[in-house]
Amino acid sequence: MKKIGVLALQGAVSEHIEILERCGVTPIEIKKTVQIADIDGLIIPGGESSTIGNLMNEYSFFEKIREFAYKGKPIYGTCAGLILMSKNIIGENRKTISIMDIEVRRNAFGRQIDSMEIDIEIPKLGNKKFPAVFIRAPIIEKVGKQVEILAEIDDRIVMAQQENLLVSAFHPELSNDDRIHRYFLNLVNKRWR
Ligand code: GLN
């Protein structure tokens, strides 16, 4: 059975664990870098990207996750996880893992819209719309050539993929729809390098 790690430094960890169990894989809470050697895919959850980033730095996660990505292992970042996987946070000078060719803006939906749920179209997942929960969500403002856009809301990019790397600005672990987790598990079953 595939083992999927969920980076468990801060943020929405348990919800991902539950969905992964439901999808029939073995979820593992990742708290130390040595655990990464043992997993087939990694989820970086939502939370506060500055807090998660500081803890990642403290526990030397940046380099280890970068190596994992370059080996072709799939990584899925939701919300703060998306921010941390980007190569640049616009208007901020903060270290990221810098594995995906995207530039992002934090809290991009404005203060008024702290959180919202919208049914969005994700053509790759079929005709049925996906109930996307946004919580102080970022948007992707620039993408490189290798990046495939998977979902947009009014021209704002909210989900994308670059080979083995997947990101969404929203939280699929907070809805009952497990199609995105299953899509990610398909990436885990492929060989990328
Ligand atoms: N606003 C948070 C940040 O900038 C992200 C919020 C989330 O992960 N739901 O880090």
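For ligands, and for the atoms within them, numbers begin at 1 and follow the listed sequence. Worth saying up front: this structure is predicted, and the values here are computed from it rather than measured. Quick note: residue numbers are just sequence positions, from 1.
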Take Arg136 and Glu48 through the test salt bridge (charged side-chain N to carboxylate O under 4.0 Å, His left out) and record every step on the way to the result. CA-CA 10 Å; Arg136 291 180 301 109; Glu48 195 53 47; 3.3 Å; yes
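Residue Val6 forms a side chain to side chain contact (heavy atoms under 4.5 Å, CB included) with just one option from Ile30, Ile19, Leu20, and that option is Leu20.
Every residue was checked against the salt bridge (charged side-chain N to carboxylate O under 4.0 Å, His left out) condition with Lys142, not counting sequence neighbours, and none meets it.
Screening residues 13-46 for ring-ring contact (aromatic ring centres under 6.0 Å, His included), with sequence neighbours left out, gives His16-His181.
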Name each donor-acceptor pair under 3.5 Å that joins a side chain in residues 50-60 to protein atoms two or more places apart or in another chain, with its distance.
residue: Asn54; atom: ND2; partner: Ser50; partner atom: O; Å: 3.3
residue: Asn57; atom: OD1; partner: Lys95; partner atom: NZ; Å: 3.1

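Ile83 and Phe170 fall into different hydrophobic clusters, where Ile, Leu, Val, Met, Phe, Trp and Tyr residues are linked whenever their side-chain heavy atoms come under 4.5 Å apart, directly or through other members.
Protein residues are said to neighbour a ligand when one of their heavy atoms lies under 4.0 Å from it; for ligand 1 these are Gly46, Gly47, Glu48, Ser49, Cys79, Ala80, Ile83, Arg106, Asn107, Ile135, Arg136, His171.
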